[in-house]
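For reference, the structure discussed in these notes is given below.
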Amino acid sequence: MNSGRRQSGPPLSQFSLWRCRWNRAACASWTRAEKNTAAVDEIASSADRLDSAIGQELASVATCDFPGKVVRLAKADHVIWKRRLFAAGDHEAALAEIAKVETASDAVLSGLDALLRG
């Protein structure tokens, strides 16, 4: 006879796993969501590590002397700026911001390329 108390079964710490056996579809969806979230977190962490590595490399390159150094660093900085806009997460705002300056951006990059060609 059930007195309203929980029957003996798995410990409370494993209760959600026990419930998943009864609702496999919900459990499978939850597991996929957790895996997707973990994958997105890993991508974000990788992008952060990449940004850091690129920054260190650019700082190292900036200490060297070579033809067109300032122009090449300016182009790299410009590309990094665009990437950071998207990395902030609001892709519509990033696209809007880039659209505002795209004509000028193209002109600047063309001008920098012309300087490199000499």
For [X], which residues count as a side-chain hydrogen bond (donor to acceptor under 3.5 Å, both in side chains) partner, sequence neighbours excluded?
{"X": "Lys69", "result": "none"}
{"X": "Asp90", "result": "none"}
{"X": "Arg83", "result": "Asp51"}
{"X": "Arg117", "result": "none"}

Would you be so kind as to tabulate the donor-acceptor pairs closer than 3.5 Å made by side chains of residues 40-48, with sequence neighbours excluded?
| from | atom 1 | to | atom 2 | distance (Å) |
| --- | --- | --- | --- | --- |
| Glu42 | OE2 | Ser46 | OG | 3.3 |
| Glu42 | OE2 | Arg49 | NH2 | 3.1 |
| Ser45 | OG | Asp41 | O | 3.1 |
| Ser46 | OG | Glu42 | O | 3.0 |
| Ser46 | OG | Arg49 | NH2 | 3.0 |

From Lys35 NZ over to Thr37 OG1, what is the distance, rounded to the nearest 0.5 angstrom?
->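 Here the interatomic distance stands at 12.5 Å.
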
Listed once per pair and sorted, the ring-ring contact (aromatic ring centres under 6.0 Å, His included) pairs that draw on [range], sequence neighbours left out:
{"range": "residues 49-78", "result": "His78-Trp81"}
{"range": "residues 99-118", "result": "none"}
{"range": "residues 88-118", "result": "Phe86-His91"}

Residues in side chain to side chain contact (heavy atoms under 4.5 Å, CB included) contact with Glu57, at least two apart in sequence or another chain |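 For Glu57, no residue satisfies side chain to side chain contact (heavy atoms under 4.5 Å, CB included) once neighbours in sequence are set aside.
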
In residues 58-65, what donor-acceptor pairs under 3.5 Å come from side-chain atoms, sequence neighbours left out?
| from | atom 1 | to | atom 2 | distance (Å) |
| --- | --- | --- | --- | --- |
| Thr63 | OG1 | Ser60 | O | 2.6 |

Honestly curious: do Val79 and Ile98 fall in one hydrophobic cluster under the side-chain, below-4.5 Å linking rule?
-> no

Residues clustered with Val71, ILVMFWY side-chain links under 4.5 angstrom |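 Once heavy-atom contacts under 4.5 Å are chained together, Val71 belongs with Val108, Leu109, Leu112, Leu115, Leu116.
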
Only pairs at least two apart or in different chains count here, so list each salt bridge (Lys or Arg N to Asp or Glu O under 4.0 Å) that has a residue in residues 72-81.
-> Lys75-Asp113

